[in-house]
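So that the names make sense, note that chain A is the first sequence line, chain B the second, and so on, each numbered from 1.
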Amino acid sequence: MSIRVRFAPSPTGPLHIGGVRTALYNYLLAKKEGGTFILRIEDTDQTRLVPGAEDYIKESLEWLGLTPDEGPGYGGDYGPYRQSERKGLYAQYAQQMVADGNAYHAFDTPEELTKMREEQQALGHHSAKYDARIRMQMRNSLTLDKEESDKLIAAGEGIIRLKMPHDEDVSFVDLVREKVTFNTNQLDDKVILKKDGMPTYHLANIVDDHLMKITHVIRGEEWLSSTAHHVLMYRFMGWEAPHFTHLPLILKPTGKGKLSKRDGAKFGFAVFPMEWHDKKEDAVYQGFKEDGFDPKALLNFLVLLGWNPGNDEELMTVERMTELFSLAKIVKSGARFDVDKCNWFNQQYLMATPDADLLAPVKAVMPEGITTEDNYLQTVIGLMKERVYKYGDFYTEGSFFFSAPAEYDEKQVKKRYKSEQDEHFAAIRTMVTSSSESAEALANQVKAYLKEKELKMGVYLPLLRIMMCGALKGPDLFDIIITLGSEEVAQRYDKALEVFKKL
RNA sequence: GGCCCGUUCGUCUAGGGGUUAGGACGCCAGGUUUUCAUCCUGGUAGCACGGGUUCGAAUCCCGUACGGGCUACCA
C-alpha cells in the first residue's frame, strides 16, 4: 500500500517553525516512499479562524518547496481538504458511536461545567475531568430519562462525548517511542461533536485520516496524550488505525518551555517562515524569508533538530534528506533552537550559491533608495559572500560598497597615521586612482612602491583600507578599490586624509 | 496535583553492556590574510543523581531530581 501522510495545520495564525518541521518530516517520508503528501486545513474552530492564515500557510510551504500533492487548491481525490467544508460528514460517525454505546449526548451548559470543576477543585481534585466518575452526576443522555433526553436532542441541544470504557489499558505503538499505554480511568470523556455541529479535532482527525486513507500520522508531541482517545475511536468505528509518530518539540534557545511566537522578538530571530502581520495585535512578526534566509538552509537546519541521518552528514539537499530519512532516527527529546547554528547553515548555502543566483534574493532585501547596477552588486556579492550570514548582511556588512564611510576607526588611524607620510600618500593616490588592469596588478604596484621606499605595509595598507571602508574589515583591499572605481576612490581618499589630519 | 513522554559537551547529536565516549555549531589558541571573514591545525567541554543486575553499566532495571507535553464545546 502506498504511503499517504498529511500535514494538518489549523489556520489560527502563521505557521510556526515547529509546524514547518512537522511538514518537512511528513514531506520527506512521502517522497522517500513514493507516497503522497497531503495538506489538510483543520478549521473546525470557527471562533479562532484568522483571515489570511490559510494563504500564509500555503505560501510558506511553497516558499520552502514543500508543495502538497493534495490539498485545498492542489487537487486530489479525497477532498474537500478543508474540514469546515466537510462539516456534514462528521455527525453520522458520532451518532454511530452513540448508537453503539461508545458515546453519548451531553447537555451541560458552560456554566454548569465551570461549576462542576470548581466543586471538584474544592474537593481537592485538580483540574477535574468530565470522566466516568463525574458523568453520572451531570446532565446527559446517560442520566436523564430517555424521553427528556430525546426531546433535547430533537431540539438540537447538546453535544456528543466519547464514553471512556472503565479501567482499560489502551496501548499503541509510537514509531519513535515504542509502546505507550494509557489507562482509560485517566482519560476524560472528550467532546467529539460540538454544539455548532462541528467536530472537535479528535473526531475530525480520525474521520478524515480514515477517509483520506492516511497511513502515517506524524505530528507534534502535544498530541501524544490524546492518542489513546484516537485509538479507541478507531476501534469503536472498526477502522484500522494509522501508524503514529510524535515529534519532540522545539524549545526556546534558553530558559523554560517550547519556542513561542514572542521568542522571535526576544532573542532576535524569526520563528515564522515568512513575515506575519498580526492585525489583532497590530504587530509584525519577522520571517526567515524577509530576514534573508535561503529556504534550503532553513530546512537543512530544521531537519537536524530532532532527527539525524545516522552518520556525520550535516549539509544536505532536500533530495539527500529524502534518501536518508527514516522515522526510526527521530530523536525522543525536545531540541533547543540554536540561532548560531541556523546562521551557520545559511552561510554555508550562501557560499555554495553562484553569485548570479544571489543577485535576486539580495536585491529583494535591499533597503529602499539603494539602487545599484546588477553587475556592480554581483561583484559585491562575490566579494562579500563568505563574510555574511544572510542576504541582508550584504548591505549592512558591506555598507562601504554603497556609500563612503561616515566615520573612521580613530584608534587604528591614530596608531598609524603621521602627517610626514603625506608625500607617500600622494604617490599612492596616483596609483589607486588611475585605472589598473586588475586588483592584483594594483596590489603589486602599491606594494612595490612601499618596498622601494622601505615603508611598512602594516602601516599604509590598513590606513588605505580605513579610507575606503572606515574600519579594518572587508574583502581584499585592492578588490574594493577596483570595484569602487577611481572617481569614488579619489573622493574617499581626499575626504579621509582630511579627517585623519585632524585626529 | 494527576497522567504521559523525555534526560550524552553551553547547543544539535552519534554511540546502546567492555569505546582514549565520536561529529557539528559556539567558544579559545595557532597558521594563512594589510584587516575581517573564509580555509587549515589544535584545544575546551558531556553520559543528571542514587540504588540495583553484571566479571564489567553512559548503555539494562528501579527510584529520585530535573525538563517537556496534556489535563477546553482550542487545535
Side-chain angles (χ1 to χ4, degrees), chain A residues 8-12 42-45 47-48 106 108-110 113-114 117 121 124-131 158-161 174 176-177 180-183 185-188 190-196 198-202 204-205 219-228 246 248-249 251 253-254 256-258 301 304-315 329 331-345 347 351 383-389 397 409 412 443 446-447 450 456-466 469 471-478:
Chain A
S10 188
T12 53
E42 308 229 330
D43 56 350
T44 52
D45 187 350
T47 63
R48 293 207 314 154
D108 316 279
T109 63
L113 289 173
T114 307
R117 290 191 182 107
Q121 184 111 29
H125 302 288
H126 291 264
S127 53
K129 291 187 272 287
Y130 200 115
D131 61 8
I159 57 167
I160 296 181
R161 283 181 184 272
D174 178 284
V176 331
R177 272 157 247 274
V180 180
T181 304
F182 290 86
N183 185 284
N185 288 356
Q186 300 299 147
L187 272 24
D188 63 339
K190 284 225 181 307
V191 173
I192 55 173
L193 199 70
K194 298 188 273 191
K195 184 84 183 290
D196 64 0
M198 275 288 192
T200 58
Y201 172 87
H202 310 289
N205 215 251
R219 75 226 305 187
E221 197 183 356
E222 69 269 27
W223 295 109
L224 189 61
S225 323
S226 45
T227 305
H246 291 93
L249 267 13
L251 278 14
T254 58
K256 288 183 168 194
K258 63 175 173 179
F301 167 68
L304 261 4
L305 228 50
W307 172 83
N308 69 80
N311 58 32
D312 287 340
E313 280 186 61
E314 289 214 288
L315 257 9
K329 298 297 284 182
V331 173
K332 296 179 179 71
S333 47
R336 284 190 191 279
F337 189 97
D338 182 351
V339 196
D340 286 334
K341 193 150 188 177
C342 188
N343 285 335
W344 178 80
F345 270 103
Q347 183 181 42
M351 288 192 294
L383 293 175
M384 287 298 294
K385 73 173 177 182
E386 55 197 29
R387 50 208 104 216
V388 301
Y389 289 115
E397 294 300 310
D409 187 334
Q412 296 296 344
V446 173
K447 284 175 186 174
L450 293 174
K456 283 185 179 151
M457 292 212 299
V459 171
Y460 287 83
L461 264 16
L463 282 171
L464 190 50
R465 170 179 293 282
I466 293 171
C469 310
L472 293 179
K473 60 170 190 178
D476 181 83
L477 176 56
F478 298 99

Tabulate atom names and distances for all N/O pairs under 3.5 angstrom spanning the protein and nucleotides 7-9 of chain B.
none

What nitrogen or oxygen pairs link the protein and nucleotides 1-4 of chain B at under 3.5 Å?
from	atom 1	to	atom 2	distance (Å)
B:G1	N1	A:S127	OG	3.4
B:G1	N2	A:H126	O	3.4
B:G1	N2	A:S127	OG	3.3
B:G2	O2'	A:Q186	NE2	3.0

Distances under 3.5 Å between protein N/O atoms and the N/O atoms of nucleotides 37-43 of chain B, please, pair by pair.
from	atom 1	to	atom 2	distance (Å)
B:A37	O2'	A:E386	O	2.1

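Contact of A:K341 with B:A24 (side chain to base): a donor-acceptor pair of N or O atoms is detected under 3.5 Å.
At a threshold of 4.0 angstrom between heavy atoms, the contacts of A:D108 include nucleobase atoms, whether or not backbone atoms are also involved. If you check every strand for non-hydrogen atoms under 4.0 Å, A:G310 touches nothing. A:T47 comes within 4.0 angstrom of nothing in the nucleic acid, heavy atoms only. Using a 4.0 Å heavy-atom distance criterion, A:K385 is classed as making no nucleic acid contact. Within 4.0 Å (heavy atoms only), A:R219 reaches no atom of the nucleic acid at all. A:G458 comes within contact range of no nucleotide atom at all, as no heavy-atom separation falls under 4.0 Å. Within 4.0 Å (heavy atoms only), A:G220 reaches no atom of the nucleic acid at all.
For A:K329 against A:P309, the heavy-atom pair with the smallest separation is CE-C, 4.4 Å.
Between B:C27 and B:U64, the distance separating the two P atoms is 41 Å to the nearest Å. The same atom, P, is picked in B:U19 and in B:A24; the two are 23 Å apart, to the nearest Å. Distance check on atom C1': B:G67 versus B:A14 gives 22 Å, rounded to whole Å. If you take atom C1' in B:G46 and the same atom in B:U59, they sit 15 Å apart, rounded to whole Å. Using P as the reference atom, B:C25 and B:C74 are 47 Å apart when rounded to the nearest Å. Taking atom C1' on both nucleotides, B:C47 is separated from B:A29 by 27 Å, rounded to a whole Å. If you take atom C1' in B:C73 and the same atom in B:G68, they sit 27 Å apart, rounded to whole Å.
Here B:U13 is the nucleotide among B:U71, B:U13, B:U34 with the atom lying nearest to any side-chain atom of A:V331. Here the nucleotide nearest the side chain of A:D476, chosen from B:U34, B:C73, B:A75, is B:U34. Of all nucleotides listed (B:C12, B:C70, B:G6), B:C70 comes nearest to the side chain of A:K258. For A:K473, counting side-chain heavy atoms from C-beta on, the closest listed nucleotide (B:C36, B:C25, B:C12) is B:C36. The side chain of A:K329 lies closest to B:G15 when the candidates are B:C25, B:G15, B:C73. Among B:G10, B:U13, B:A75, the nucleotide with an atom closest to any side-chain atom of A:N308 is B:U13. Among B:G23, B:U35, B:C74, the nucleotide with an atom closest to any side-chain atom of A:D312 is B:G23. The A:E221 side chain lies nearest to B:C5 when the options are B:U34, B:C73, B:C5.
Mapping A:R336 and A:R465 onto RNA chain B by nearest heavy atom places A:R336 at the nucleotide closer to the 5' end. If you find the closest nucleotide of RNA chain B to A:A471 and to A:L305, the one lying nearer the 5' end belongs to A:L305.
At whole-Å resolution of the value, CZ in A:F337 and P in B:U11 are 16 Å apart. A straight line from CG of A:L464 to P of B:C36 spans 17 Å, rounded to a whole angstrom.
At least one donor-acceptor pair under 3.5 Å links the side chain of A:D174 to the backbone N or O of A:H246. Within the 3.5 Å criterion, the main-chain N or O of A:T200 finds no donor-acceptor partner in the side chain of A:K190.
For the pair A:N308 and A:V331, the minimum side-chain heavy-atom distance is below 4.5 Å. For the pair A:L304 and A:F345, the minimum side-chain heavy-atom distance is below 4.5 Å. No side-chain heavy atom of A:V180 sits under 4.5 Å from any side-chain heavy atom of A:T227.
A:R48 and A:D45 are joined by a salt bridge, as a carboxylate oxygen and a charged side-chain nitrogen come within less than 4.0 angstrom of each other. Between A:K341 and A:E314 there is a salt bridge, since a side-chain N of the basic residue sits under 4.0 Å from a carboxylate O of the acidic one.
Between atom CD of residue A:Q186 and atom OG1 of residue A:T181 there is a gap of 12.5 Å, rounded to the nearest 0.5 Å.
Of the nucleotides present, none pairs with B:U54 by Watson-Crick or G-U wobble criteria with both distances under 3.5 Å.
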